[in-house]
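Indexing begins at 1, ligand by ligand and atom by atom, following the structure's order.
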Amino acid sequence: MNPAPLSGLYAPSLSLVTDLYQLTMAYGYWQQGMQDREAVFHLYFRKAPFQGGYAVAAGLALAVDWMENFHFSEDDLGYLGSLQGSKGTPMFPAAFLQFLRELKFTCSVEAVAEGTVVFGNEPLIRVQGPLLQAQLLETALLTLVNFQTLIATKAARIREAAGPTDQVLEFGLRRAQGFDGGLGASRAAYLGGVDATSNVLAGQRYGIPVKGTHAHSWVMAFEDEPTAFAAYAKAFPDDSVFLVDTYDTLEGVRHAISVARQMRADGHELGGIRLDSGDLAYLSREARALLDEAGFPKTRIVASNDLEENLITSLKLQGARIDTWGVGTQLVTAFNQAALGGVYKLAALRNADNSAWDFTLKLSEQLAKTSIPGILQVRRYLNDKGHPRADMLYNTTEPLPEQLTIIDPLDPTRRRPIRSTNFRELLEPVFRQGRRILDLPTLAESRAHAQREVQSLDPSIRRFLNPHTYPVGLEENLNTFRTNLILEKRPQRPA
Ligand SMILES: Nc1ncnc2c1ncn2[C@@H]1O[C@H](COP(=O)(O)OP(=O)(O)OP(=O)(O)O)[C@@H](O)[C@H]1O
Ligand SMILES: O=P(O)(O)OC[C@H]1O[C@H](OP(=O)(O)OP(=O)(O)O)[C@H](O)[C@@H]1O
Ligand SMILES: O=C(O)c1cccnc1
Ligand SMILES: [Mg+2]
């Protein structure tokens, strides 16, 4: 199933999902006659989220969908025409609105496939095209990629903690940042490694398996717990998971067992029980013992209650017998890091007579925030097992030297010669002059890719506490070029 448009939740045209300044700049470029100057932008983040060692790239399919539908509707143009400056004059003249009306998306776009592991400073998307258009993409691309990548990464960490065989269910919709936040989070969580969601719209929209148990209200609506369990079993004789902690957890497990015996006599099996409060390590061990003793070794134990990767790791260390993890709030809100700080920076612009590239640079007091000029590609070097060893950013407009060396963009004294000849290039063509040339994988394929990608990373890079830094460097010539450009642009004030 192809990823259906996220935009479907709202209006047919979403080209106003942007910041006003993109449109004021667009008008200014048009007025200057600069609208068609060829430009290159890179979208990248500087630091992996959650103080982790990697991120899982996500959001590309939604961005592709948004770009394919990029146009200004009559409604959009009517609204833009109504905007006024502080003197009461129209912000955008009619001739510019006419230009927007006729605007066709003609950019070329390269991107990293969803599910690929990525690191700080690496372009996830490279846009090349008319300056005005490429500028207008900034906000929407960042909105989509920042959130999707953040949540997919959180899900990958939760999957890492749960291990490859436990089930992970995403239960977050009620705590999400609105409907769209909930829908987007369910998509990204699945991509990052959860098995199913309770979010029914996400199931319909993206083909994600939907799963769930029942709430405390179900138990409270009956005269006692055994009656409630028996009634649920009547409704779903082969798909019941009983929530056992409404009154007393271990008493609840005993009630579940007595109903499970009756179910078995009728030719059905209880799927599982769910623990939602108390000491989950202790209660799950006790519940496992009761279930096993009673002859229900296959009945699963689901746990929920503000779970996240560190808690899951701790519960496992405590010998918890949980095999299914229901994770809500902490996952869909990326609780411990509210946003991924991805940015979109101009890196090259054709000069006025179109004869050569001018490479552009955003200076900063901090080297970490100084951008990287060029038309960049990311080359990932692999060891003989096909596992990532180091990534090299290089400028595709310059020939590569014979002997390759990568240099840490934050510390030029840290360098590594490249010996490996086994590599792959991460940015792949998606649009050529506005025409899509890449068939996107399905969400399930991207999810499988993400699992392989994360597993191919060394455990030292995957660990949660103080992970090892994966080497990402600038190819030596690019580093020299960037250093010289910094020196050229930075004012040299006498002391
Ligand atoms: N063995 C454990 N080790 C560490 N943390 C645990 C363990 N068992 C449960 N937790 C976590 O501790 C927190 C306890 O939450 P809280 O203080 O709300 O109590 P509760 O058990 O949910 O009580 P109630 O829902 O009845 O108010 C939850 O985040 C839960 O996942
Ligand atoms: O804990 P989360 O990771 O967000 O997972 C979802 C939670 O949502 C449900 O209860 P809800 O929180 O609505 O009520 P409760 O905590 O009072 O049971 C469920 O029982 C989980 O506890
Ligand atoms: O199905 C469940 O158990 C569920 C769904 C949403 C939130 N909490 C739990
Ligand atoms: Mg709760």
Pairs of nitrogen or oxygen atoms, one from ligand 2 and one from the protein, closer than 3.5 Å: please tabulate them with distances.
residue  : atom   : partner : partner atom : Å
ligand 2 : 1 (O)  : Asp306  : N            : 2.8
ligand 2 : 3 (O)  : Gly328  : N            : 2.8
ligand 2 : 4 (O)  : Thr329  : N            : 2.9
ligand 2 : 4 (O)  : Thr329  : OG1          : 2.5
ligand 2 : 12 (O) : Arg175  : NH1          : 3.1
ligand 2 : 12 (O) : Arg175  : NH2          : 3.0
ligand 2 : 13 (O) : Arg174  : NH1          : 2.9
ligand 2 : 13 (O) : Arg175  : NH2          : 2.9
ligand 2 : 18 (O) : Asp276  : OD2          : 3.0
ligand 2 : 20 (O) : Arg274  : NH1          : 2.9
ligand 2 : 20 (O) : Asp276  : OD1          : 3.3
ligand 2 : 20 (O) : Asp276  : OD2          : 2.9
ligand 2 : 22 (O) : Asp276  : OD1          : 2.7
ligand 2 : 22 (O) : Asp276  : OD2          : 3.4

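Scanning the protein for heavy atoms near atom 6 (C) of ligand 3, the closest one is Arg174 NH2, 3.5 Å. Nearest protein neighbour of atom 1 (O) of ligand 3, counting heavy atoms only, is Thr213 N, 2.8 Å. For atom 9 (C) of ligand 3, the nearest non-hydrogen atom of the protein is Phe171 CD1, 3.4 Å.
A salt bridge is defined here as a Lys NZ or Arg NE, NH1 or NH2 lying under 4.0 Å from an Asp or Glu carboxylate O, and Glu269 with Lys298 fails to meet this definition. Ion pairing between Glu453 and Arg424 holds under the 4.0 Å rule for side-chain N and carboxylate O. Using a 4.0 Å cut-off between a side-chain N of Lys or Arg and a carboxylate O of Asp or Glu, Arg254 and Glu251 qualify as a salt bridge. Under 4.0 Å is where a charged nitrogen must lie from a carboxylate oxygen, and between Lys211 and Asp239 no such pair does. A salt bridge does not link Glu308 to Lys154: none of the charged side-chain nitrogens sits closer than 4.0 Å to a carboxylate oxygen.
Against a heavy-atom cut-off of under 4.0 Å, Gly212 is close to the following atoms of ligand 3: 1 (O).
The closest donor-acceptor contact from the side chain of Gln148 to the backbone of Gly184 lies under 3.5 Å.
Residues passing the side-chain hydrogen bond (donor to acceptor under 3.5 Å, both in side chains) test with Gln330: none are found, sequence neighbours excluded.
Ser460 and Asp458 share a donor-acceptor pair across their side chains, judged by distance under 3.5 Å alone.
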